[in-house]
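Notes follow the structure.
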There are 2 protein chains.
Amino acid sequence: MLGTKHSGSPGDVWLRPPARAAREAPPLSRDRIVAEAIALLDEEGADRLTMRRLAERLGTGSTTLYWHVKTKNDVLDLALDAIFAAVEIPRADGQDWRAGIAALISGWRAVLLEHPWSAALLGRPMLGPNVLARSEFLYATLLGAGVTGPHLTAAAYGLSNYVIGSALMQATWTAGGEQATRAAAQDRFRADRERYPVLATHGPLAADSDWDSSFALGLTWLLDGIHATVGASMPACATDEASVSAARHARRGRGSSGE
Amino acid sequence: MLGTKHSGSPGDVWLRPPARAAREAPPLSRDRIVAEAIALLDEEGADRLTMRRLAERLGTGSTTLYWHVKTKNDVLDLALDAIFAAVEIPRADGQDWRAGIAALISGWRAVLLEHPWSAALLGRPMLGPNVLARSEFLYATLLGAGVTGPHLTAAAYGLSNYVIGSALMQATWTAGGEQATRAAAQDRFRADRERYPVLATHGPLAADSDWDSSFALGLTWLLDGIHATVGASMPACATDEASVSAARHARRGRGSSGE
DNA sequence: TCGAGGACCGGATCAATGGTCCGGTACTCG
DNA sequence: CGAGTACCGGACCATTGATCCGGTCCTCGA
């Protein structure tokens, strides 16, 4: 009798996890799902994110996720917004608006590059609180600097779109596409040298191409242009220490993604 | 005898398609597949493109496509490159390089907006002949204008990334997301008015936001910045037929200060 | 003390999709 | 005329997002 298997309905008591001890972590919150999704995306890329995979990493069943989240798209939207929490919003500073904006934009770019999968998700409406808060800062700072009306819209758009495009492009050619792609492209250029002579020598894959400084340069141009519209007296293309340090900031890090 | 059925092996001759007449079009070429894919994408959007659907529209079996194309990604890559054939490359003109570049960039943008699904595909390496030819023109024109070294890279990158980001953003908020999304966003802004005061009134969905002129303005800023790097003695703002208008007079007056 | 209700979990299952296997058909060329 | 080749497609498979429905555990009031 002692050894008898008496068949409790779902398995033996002793084989079952001791009640709630199995779930040491809080039962499984939206936040945990999002955090794990980001980790998974960082490690394996966008196309490897599966609900089953994600569930497995969380030690739960795949269908359980749907209790906390409506669709997979929700997970992506939440993850996308979540990473922008790492972009610190500069202190509002009426004096040096350029520095503030440059810092924000550079931080934005740094985050996008730290999570290369995010670039591919930029084609969806970003309405999360983190994104909105930073957009708010951008608009407010520009407005405070005297940029108004159509110029305000154009300035905000120009800056955002520039970061987005830059990050997307860079993520495509560095993190996203492995070196294989890049090498193949290089070969392609060389092979069709007579067809694309300039590209072959000065193209984007040329030796002197430096993503960070190129980005900083373009940012300076945009800021200069915006600056000029407010009718300030400073020259349009001055030495801009702000964006230079911004580029430095963007290149740094990578090792410790302070959360 | 005339009415006799003599039973050709697989069905009657008259019931069988007259040999090759059934396929009026060339049997099914890569080009036809790509063209139909573009049509399908234009009509129904990116996520509705299925190999089966595509095959059905072509009046063929889905698996047949794989004879002409290796994967679905190939179809997307080919389609993406194909639409850029519509961007006409301006005549090389040593004099007015700004006009040429502005035309190219604007054409690029126009194509991206005409095929909103393309924006979502920008995150993949674009190495097709059409794209390369236009990049070649961009680099060559800049080089001919005296933009060299890091400035050349930065200029080409800035311009490309700006178009890409702009198109991606606009496609997200107009064609891609239906008005529903936009209206919801509008509501969101209004609801959180105290949290995002500036966004609520001056935000991207404000009444005076005009995609086209905003884009033109930003493009002018970039071109001005590029112009300034060539060491010409002219002030950074030059005569540019279409896009300038607004930005000009703002900087006009005190241009004497500094350089 | 108990039992009803709700928060939370997951196995079985479905439909859609990208892609492969393999056997066909029709045309061409020697 | 027979073999080779370009081309086609039905059957099939694994993966994936998502749902159904039945379970388990906790809470809270009577």
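Throughout, a chain's letter reflects where its sequence line sits, starting with A, and its residues are numbered from 1. No hydrogens, no waters, no symmetry mates; every other heavy atom, side chains included, goes into these values.
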Distance check needed: [N] [atom2] versus [X] [atom1], whole Å only.
| X | N | atom1 | atom2 | result |
| --- | --- | --- | --- | --- |
| A:L58 | C:dC8 | CG | C1' | 15 Å |
| B:D47 | C:dA16 | CG | C1' | 13 Å |
| B:L65 | D:dG10 | CG | C1' | 14 Å |
| A:E56 | D:dT16 | CD | C1' | 14 Å |
| B:R30 | D:dC8 | CZ | P | 14 Å |

Polar-atom pairs under 3.5 Å, protein N or O versus N or O of nucleotides 18-20 of chain C: list them with distances, or write none.
{"from": "C:dG18", "atom 1": "OP1", "to": "B:K72", "atom 2": "NZ", "distance (Å)": "2.6"}
{"from": "C:dG18", "atom 1": "OP2", "to": "B:M51", "atom 2": "N", "distance (Å)": "3.1"}
{"from": "C:dG18", "atom 1": "N7", "to": "B:R52", "atom 2": "NH2", "distance (Å)": "2.8"}
{"from": "C:dG18", "atom 1": "O6", "to": "B:R52", "atom 2": "NH2", "distance (Å)": "2.8"}
{"from": "C:dG19", "atom 1": "OP2", "to": "B:Y66", "atom 2": "OH", "distance (Å)": "3.3"}
{"from": "C:dG19", "atom 1": "OP2", "to": "B:K72", "atom 2": "N", "distance (Å)": "2.8"}

Discussion item. Could you report the tightest heavy-atom contact between A:D81 and A:P129, atom names first, then the distance?
Written reply: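 Reported closest heavy-atom pair: OD2-CD, 3.4 Å.
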
Fill in: Shortest non-hydrogen contact from B:R134 toward B:A85
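Minimum heavy-atom separation between B:R134 and B:A85: NH2-O, 3.4 Å.
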
Examine [N]: is either OP1 or OP2 under 4.0 Å from a nitrogen or oxygen in the side chain of [X]? Give yes or no.
| X | N | result |
| --- | --- | --- |
| B:T64 | D:dG9 | yes |
| B:T60 | D:dC8 | no |
| B:H68 | D:dA6 | no |
| B:W67 | D:dC8 | no |

Worksheet entry | Side-chain donor or acceptor of B:E136 paired with backbone N/O of A:V198 under 3.5 Å |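 Checked: pair present.
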
Practice prompt. Verify the ring-centre separation between B:F215 and B:Y162: is it less than 6.0 angstrom?
Written response: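 For B:Y162 and B:F215, the ring centres are under 6.0 Å apart.
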
Practice prompt. May I ask you to check whether over 12 heavy atoms, not counting those of A:R195, lie within 6.0 Å of atom CZ?
Written response: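 No - once you tally the heavy atoms of other residues, nucleotides and ligands closer than 6.0 Å, there are 12 at most.
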
Worksheet item: Going by an N to O cut-off under 4.0 Å, is there a salt bridge joining A:R109 and A:D212?
Response: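 Answer for the salt bridge query: yes.
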
